[in-house]
Amino acid sequence: MNDTMVTVIVPVYNTAPYLSRCINSILCKRKQKIELILIDDGSTDKSGNICDEYAAKDIRVKVIHQNNKGISEARNNGFAISKGEYITYVDSDDYLPDDMGLYRRAIDNMENKNLDILVGLW
């Protein structure tokens, strides 16, 4: 389970005040192998710069900069380059709880119940 990579895709559009908290809440899941893909969807604030700063500091972070195409296109572009066995989406103005077992429980739930998709907190 600890070797299972989870890709977290975060579409980003003008959420600079919330973005660091969001990213930090994902990257703190140290017991889980994480790939974080940030898609800057044409932000006009400092969101794109914040994404680049995290990518420069952490090899788990990848950034895509694109013209504004909307959340669906941003998610699809992140999905296209994802390498994780499991993929999840987090909104850039949200954050994950300080629960180190969050993804482990989700993956266990999916594997034990032979699920293809899991929505919400479990």
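In what follows, every heavy atom counts, from backbone to side chain, and hydrogens, waters and symmetry copies are set aside. Computed from a prediction, not measured in an experiment: that's the story for all the values here.
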Subject >> Point-to-point distance, once rounded to the nearest 0.5 Å, from OG1 of Thr4 to CG of Asp108 >> reply: 9.0 Å
**OP:** Nearest 0.5 Å please: distance from the CD1 atom of Ile107 over to the CD atom of Glu85.
**Re:** 7.5 Å
Original post:
Looking at CD1 of Ile50 and OG1 of Thr15, how far apart are the two atoms once the value is rounded to the nearest 0.5 Å?
Top reply: 7.5 Å
Original post:
What pair of heavy atoms forms the shortest contact from Val90 to Cys22, and how long is it?
Top reply: CG1-SG, 3.9 Å
Original post:
What residue pairs, at least two apart or across chains, pass salt bridge (Lys or Arg N to Asp or Glu O under 4.0 Å) with a residue in residues 71-80?
Top reply: Arg75-Asp91
Original post:
Shortest non-hydrogen contact from Ile37 to Gly78?
Top reply: CD1-O, 3.4 Å
Original post:
Can you hop from Leu36 to Ile81 via hydrophobic side chains spaced under 4.5 Å?
Top reply: no
**OP:** Look at the side-chain heavy atoms of Ile, Leu, Val, Met, Phe, Trp and Tyr, link any pair under 4.5 Å apart, and say whether Tyr13 and Leu19 land in one connected group.
**Re:** no
Original post:
With sequence neighbours excluded, what pairs up with Thr88 under the side chain to side chain contact (heavy atoms under 4.5 Å, CB included) test?
Top reply: Val6, Val8, Tyr103
Original post:
Can you find a heavy atom in the side chain of Thr7 that is under 4.5 Å from one in the side chain of Glu35?
Top reply: yes
**OP:** Determine, using the 4.5 Å side-chain heavy-atom cutoff (strictly less than), whether Tyr89 and Ile64 are members of one ILVMFWY cluster.
**Re:** yes
**OP:** For Asp41 and Gly70, indicate whether the former's side chain and the latter's backbone hold a donor-acceptor pair under 3.5 Å.
**Re:** yes
Original post:
Would you find more than 12 non-hydrogen atoms of other residues, nucleotides or ligands less than 6.0 Å from Phe79 atom CZ?
Top reply: no
Original post:
With the 4.5 Å side-chain cut-off for hydrophobic clustering, are Leu118 and Tyr86 part of the same group?
Top reply: yes
Subject >> Value rounded to 0.5 Å, distance of CD1 in Ile117 from CE in Met110 >> reply: 7.5 Å
**OP:** Starting at CZ of Arg105, measure out to CG of Asn112 and round the result to the nearest 0.5 Å.
**Re:** 13.5 Å
Subject >> Asp40 and Ser47: side chain donor to acceptor below 3.5 Å >> reply: no
**OP:** For the residue pair Leu27 and Tyr54, establish whether any side-chain heavy-atom pair is separated by less than 4.5 Å.
**Re:** yes
**OP:** Check whether more than 12 heavy atoms from other residues, nucleotides or ligands sit under 6.0 Å from atom OH of Tyr18, and answer yes or no.
**Re:** no
Original post:
Which heavy atom in Pro11 sits nearest to a heavy atom in Ile71, and how many Å separate them?
Top reply: CG-CG1, 3.8 Å
Original post:
Could you give the distance from NZ (Lys62) to SG (Cys51), rounded to the nearest 0.5 Å?
Top reply: 14.5 Å
Original post:
Among Val61, Ile26, Ile39, whose side chain to side chain contact (heavy atoms under 4.5 Å, CB included) with Val10 holds?
Top reply: Ile26
